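Model, not experiment: these values are computed from the prediction. Each chain gets a letter, A, B and so on, in the order the sequences are listed, and its residues count up from 1.
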Amino acid sequence: MATQTTVAQIGTYEGQAVILRGWLYNKRSSGKIQFLQVRDGTGVIQCVAVRNEVGEDVFARCSELTQEASVIVEGVVRADARAPIGYEVQLTDIQLVGESVDYPITLKEHGVDFLMDHRHLWIRTPRQRAILKVRAEVERAMQAFLDGDGFTRVDPPVLTPSSAEGTTELFHIKYFDEDAYLTQSGQMYMEAAAMALGKVYSMGPTFRAERSKTRRHLIEFWMIEPEMAYYTHDDNLALQERFVSSVVEHVLNHCEAELATIGRDVSKLQHVTAPFPRMSYDEAIAWLQKRGHDIQWGDDFGAPHETELAGQFDRPVFIERYPTAIKAFYMQPDPERPEVVLCADLLAPEGYGEIIGGSQRIHDFHLMEERFAQHHLPEAAYQWYLELRKWGSVPHSGFGIGLERTVAWICGLEHVREANPFPRTLYRLYP
RNA sequence: UCCUCGAUAGCUCAGCGGUAGAGCAUCCGGCUGUUAACCGGAGGGUCGUAGGUUCGAAUCCUACUCGGGGAGCCA
């Protein structure tokens, strides 16, 4: 009796009769033999139907199949050196489950606009499937690292009363008779959670109503935000480099086939081991000036600056201690130099830009109160955040890592939209 | 918001003042080892929308619509 299995497991059934349930990816045929490429979500395998072996009826059913028709295939597993995965199925029977007439996405080239309009079908293609698998492994690796390091996952709210930073544009919605906004960061809630549980992290979607349309921006994207009580700035950076390098190592060890499908040059990832190089903001400015850039101490970096800074190294680089004036209100000033804050951005190599932003947070009540006043923050809405500094406040640090940017970098993607199953970009909410 | 590029067959594109084209997809036929298979044939179009220039506009001009890439901002 034939055993039901998957393409990924096929090697353990050599010589045996199996049943595969999937979809027709492609078909090549001649008068008396047909090659059916069947995918089942775990992989693609070629099923061979020979006319004078399967009989006229089964052969005719194969002939009628079209691209992406769903099928249940029965056949015998054979090792074959010509097959990309080393095995083929000698087809004995096939059933059509659901027909597929005029499937829009062909095996030829398509434009971005067309593919994005058909994202619900585009994700069936091997490359997109591979990217989604890598994304899932990145998420798994992040959770495994943090869970194994004594962190507790805490889920912050998506609906919030106001902005944490005031600068970025928020999605405004009605909350019955009140105004509410979609979260742009769970950080403040994670600071509260860190005082309750020590080391915590969140993993979820975040929203920015910025009219950004570049290969590095999505309107809705996922962030992982760890927050650690009693962690200093240096503790924070040491954690980040262990974290990022363990994620890369996990993907290299578990996604070899997927990275090959995507065409990623994995040698570029093999250097990504701790420690990561560090540059102070001061050094970075001086370095850029020496290279002919018209940039002054106090300016923020633009995308080309970041690319050039990161281009010096074969692994991510920390740029730390930015001017207080250009950074978020909650960042802890350097005690030796209050004009800079204890923060760092982690820039990925190969032009992928900032994947992490993090800092030590202000823990002193009076300093935080001062910052609220300086930044004209709505104290009423964030009374609770201020109160964290009133009862048992401790030095603490945290960071946020962008999931899609991380996946785009690890996979070597042209655009972060491919790293999200149903990306939300400027001017695109469908499908 | 600004800069820049684009819109022609189901898809990817060519045509850039003078009868609307190719490859792929689809349909029909051929082929027992194909790898984005190949070979032969067929069907398939208000050239994004609205104006304008011209004897004549897919082609030149203007506006609009919808997208792509980038800047700023950020992860």
Starting at [atom1] of [X] and ending at [atom2] of [N], how long is that distance when rounded to a whole Å?
{"X": "A/Glu210", "N": "B/G72", "atom1": "CD", "atom2": "C1'", "value": "9 Å"}
{"X": "A/Arg119", "N": "B/G67", "atom1": "CZ", "atom2": "P", "value": "18 Å"}
{"X": "A/Asp113", "N": "B/G69", "atom1": "CG", "atom2": "C1'", "value": "13 Å"}
{"X": "A/Arg28", "N": "B/C31", "atom1": "CZ", "atom2": "P", "value": "19 Å"}
{"X": "A/Met331", "N": "B/C74", "atom1": "CE", "atom2": "P", "value": "10 Å"}
{"X": "A/Ile33", "N": "B/C38", "atom1": "CD1", "atom2": "P", "value": "17 Å"}

Exercise. Any salt bridge between A/Arg208 and A/Glu210, counting N to O under 4.0 Å?
Worked result: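 Salt bridge: no.
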Problem set entry | Residues A/Glu418, A/Arg129: salt bridge by 4.0 Å N-O rule |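 Between A/Arg129 and A/Glu418 there is no salt bridge, as every charged N stays at least 4.0 Å from the carboxylate O atoms.
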Verify the contact: side-chain N or O of [X] to OP1 or OP2 of [N], cut-off strictly under 4.0 Å; return yes or no.
{"X": "A/Lys108", "N": "B/C24", "result": "no"}
{"X": "A/Arg127", "N": "B/A36", "result": "no"}
{"X": "A/His217", "N": "B/G72", "result": "no"}

Problem set entry | Pair A/Gln34, A/Arg51: side-chain N/O donor-acceptor within cut-off below 3.5 Å |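 No - no donor-acceptor pair under 3.5 Å links their side chains.
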Exercise. Can you find an N or O donor on one side and an acceptor on the other, under 3.5 Å apart, linking the side chain of A/Thr106 with the base of B/C24?
Worked result: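 No pair found.
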For this session: Could you tell me how the ring of A/Tyr281 sits relative to the ring of A/Tyr322: parallel (under 30°), tilted (30 to 60°) or perpendicular (over 60°)?
Result: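 Rings of A/Tyr281 and A/Tyr322: tilted, as their planes differ by 30° to 60°.
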For this session: Using heavy atoms to find the nearest nucleotide of RNA chain B for A/Phe35 and A/Gln67 separately, return the residue whose nucleotide is more 5′.
Result: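 Taking each residue's closest nucleotide, the earlier one in sequence belongs to A/Gln67.
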Exercise. With sugar-phosphate meaning primed atoms plus P, OP1 and OP2, does A/Asn26 contact a base, only sugar-phosphate, or nothing at under 4.0 Å between heavy atoms?
Worked result: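 Counting heavy atoms under 4.0 Å across all strands, the contact made by A/Asn26 is with sugar-phosphate only.
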